[in-house]
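Read the structure below first, then the notes.
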Amino acid sequence: MTRGAGLISIAVPCYNEQQSIQPFMDAITPVLESTGHDYEILFVDDGSADDTLPMLVALANASPHVRVLGLTRNFGKEAALTAALDFVSGAAVIPMDADLQDPVELIPQMVAKWEAGTDVVLARRQSRPDDSVTRRWAARFFYRFIARLSAFPIPENVGDFRLMDRAVVDCVRQLPEKTRYMKGILAWPGFQNEIIEFTRPLRRAGSSKWPLWKLFNHGLDGIFSFSTAPLRIWTYLGFILSLFSLTYLLWIVVKTLVFGVDVPGYASTLSIILFFNGIILIGLGILGEYLGRVFIEVKNRPVYLVGVKAGFGMGDENRG
Ligand code: UDP
Ligand code: MG
């Protein structure tokens with residue numbers, strides 16, 4: 001199947017990106033013009049504290065290609081991207097970061113593959129030049145780990161930067177969950193995909209909003225949202241421990257019958273109690289992780305709130 005003309009949507013979450021917006025526009029506009037498709041660039045301002053929103057609104061007023069959503073506060077990148085996917089109208093959608101770390105030069109290749117019939121074109125980063133060795137190892141370990149746990153493949157070293165056909169975006173939009181681990185959510189529909197490799201450049205301006213602990217929490221979100229394996233561990237552990245203690249109990253009975261009672265064992269008892277209390281607490285903590293997620297889902301609050309809309313035509317007002 002080949003695809004003809006169709007609107008290309010670029011979805012860009014922005015948080016305190018006033019220094020990046022103009023360079024981003026300058027870089028992406030000629031590339032999009034060169035594809036020969038009509039296009040829209042949808043910026044979602046994620047409650048920036050700087051001049052990002054007014055800059056974006058000015059762009060929307062000046063260009064028919066630019067649309068802007070302003071969220072009422074900072075909801076986080078995953079929520080901002082969710083908002084973007086709800087409001088784009090393209091036949092193909094490409095989420096991108098505003099800081100030019102997702103190279104605009106890949107867009108023509110992605111569009112060409114999409115035109116040739118591919119539903120999802122993934123951009124896989126080959127190297128992480130700006131990341132420290134620990135960060136790189138952590139990323140690799142995490143991707144391997146989640147690949148084993150998840151019931152469907154979540155591609156390694158692929159961020160949100162990818163092209164998705166409208167059919168895929170419509171599937172993604174049907175996922176109502178509130179804990180939005182986007183890498184997993186975007187991978188969930190499946191469809192046939194192709195991969196383009198690229199080297200991720202350094203951030204041009206501004207600073208990354210992802211300190212290590214935030215990444216770590218994000219990783220836990222990924223695991224707990226896409227796998228129940230951590231819950232099952234406790235079933236196995238429980239079985240193994242019961243078997244173990246039963247054997248030990250039998251051994252003590254036999255020993256007492258044969259050799260009589262002996263009293264020492266204070267240190268070993270204490271350490272065993274401490275050890276198992278630790279294990280019980282970890283088990284409770286993991287139960288708590290899932291319970292917390294159930295709590296958030298049950299509250300059923302919206303993932304984001306839109307405060308400002310600019311650049312949408314009259315007919316578009318009800319979308320989303
Ligand atoms: N971002 C956002 N909301 C946030 C944090 C980040 O919309 O709370 C946007 C940010 O403006 C950028 C993209 O998400 O366009 C990626 O953020 P960043 O560059 O900080 O992440 P990194 O490239 O370091 O993974
Ligand atoms: Mg970045």
Side-chain angles (χ1 to χ4, degrees), residues 9-28 41-56 59 66-88 93-104 106-107 123-132 134-136 138-140 142-143 155-162 178-186 198-219 221-222 302-308:
S9 295
I10 309 289
V12 195
C14 303
Y15 179 51
N16 293 344
E17 297 284 9
Q18 59 179 9
Q19 289 154 296
S20 302
I21 305 280
Q22 199 52 50
F24 178 81
M25 283 302 288
D26 294 343
I28 202 168
I41 306 174
L42 172 60
F43 290 100
V44 178
D45 173 61
D46 188 15
S48 299
D50 63 3
D51 283 336
T52 303
L53 184 59
M55 279 178 68
L56 291 176
L59 277 179
V66 177
R67 318 206 191 300
V68 174
L69 291 176
L71 304 189
T72 51
R73 63 169 167 83
N74 181 246
F75 282 88
K77 182 188 173 182
E78 318 289 298
L81 189 54
T82 304
L85 293 185
D86 285 345
F87 282 84
V88 286
V93 180
I94 309 177
M96 290 181 85
D97 288 0
D99 55 10
L100 289 174
Q101 283 192 291
D102 299 332
V104 293
L106 292 191
I107 292 176
R124 182 160 64 199
R125 60 182 83 147
Q126 261 172 339
S127 61
R128 301 170 154 248
D130 51 336
D131 288 355
S132 65
T134 31
R135 231 174 220 244
R136 247 176 288 172
R140 175 177 297 176
F142 173 71
Y143 279 117
E156 188 172 340
N157 278 332
V158 174
D160 302 324
F161 185 35
R162 62 185 72 199
K178 310 296 169 191
T179 311
R180 304 207 58 95
Y181 180 68
M182 281 318 257
K183 279 193 246 304
I185 287 177
L186 296 182
F198 76 104
T199 308
R200 195 158 208 245
L202 297 171
R203 189 179 237 282
R204 287 268 188 89
S207 59
S208 172
K209 282 100 199 163
W210 293 93
L212 201 56
W213 67 269
K214 220 169 155 185
L215 272 183
F216 192 76
N217 280 336
H218 184 61
D221 266 347
V303 175
Y304 59 85
L305 293 176
V306 177
V308 177

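Each ligand, and each atom within it, is numbered from 1 in the order the structure gives. Values in this document were obtained by computation on a predicted structure and should not be read as measured data.
- Looking at Q101 against ligand 1, only its side chain comes within 4.0 Å, counting heavy atoms.
- The atoms of ligand 1 that sit less than 4.0 Å from any heavy atom of E17 are 10 (C), 11 (O), 12 (C), 15 (O).
- Scanning P13, G159, C14 for the heavy atom closest to atom 15 (O) of ligand 1 points to P13.
- Between D99 and ligand 1, at least one N/O pair is under 3.5 Å apart.
- Only one option out of D99, D102, V12 pairs with F24 in a side chain to side chain contact (heavy atoms under 4.5 Å, CB included); it is V12.
- Within D99, the N, O or S atom lying nearest to the Mg ion (ligand 2) carries the name OD2.
- Between atom CD1 of residue I21 and atom CG of residue L59 there is a gap of 7.5 Å, rounded to the nearest 0.5 Å.
- Cation-pi geometry between R73 and F75 is satisfied (NZ or CZ under 6.0 Å from the ring centre, within 45° of the ring normal).
- Below 4.0 Å from some heavy atom of G76 lie the following atoms of ligand 1, by number and element: 3 (N), 8 (O).
- Interatomic distance, I94 CD1 to I28 CD1, rounded to the nearest 0.5 Å: 7.5 Å.
- At a threshold of 2.8 Å, the Mg ion (ligand 2) has no backbone or side-chain N, O or S atom of D97 nearer than that distance.
- Contacts between D97 and ligand 1, counted as non-hydrogen atom pairs separated by less than 4.0 Å, involve both the backbone and the side chain.
- Remark: of the listed residues V44, T72, L71, L71 is the sole one forming a side chain to side chain contact (heavy atoms under 4.5 Å, CB included) with V306.
- Atoms of ligand 1 lying under 4.0 Å from at least one heavy atom of R200, given by number and element, are 23 (O).
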Evaluate side-chain contact (heavy atoms from CB on, under 4.5 Å) for L53 paired with V68, printing each intermediate quantity in order. CA-CA 8 Å; L53 184 59; V68 174; 4.0 Å; yes

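- A donor-acceptor pair under 3.5 Å is formed between the side chain of N16 and the backbone N or O of A49.
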Going through the distances and angles, do M55 and E17 end up as a side-chain contact (heavy atoms from CB on, under 4.5 Å)? CA-CA 10 Å; M55 279 178 68; E17 297 284 9; over 6 Å; no

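- Using a 4.0 Å cut-off to heavy atoms of A98, the atoms of ligand 1 that qualify are 15 (O).
- The residue from F75, F24, Y15 that puts a heavy atom closest to atom 2 (C) of ligand 1 is Y15.
- Those atoms of ligand 1 that come under 4.0 Å of a heavy atom in N74, given as number and element, are 3 (N), 4 (C), 8 (O).
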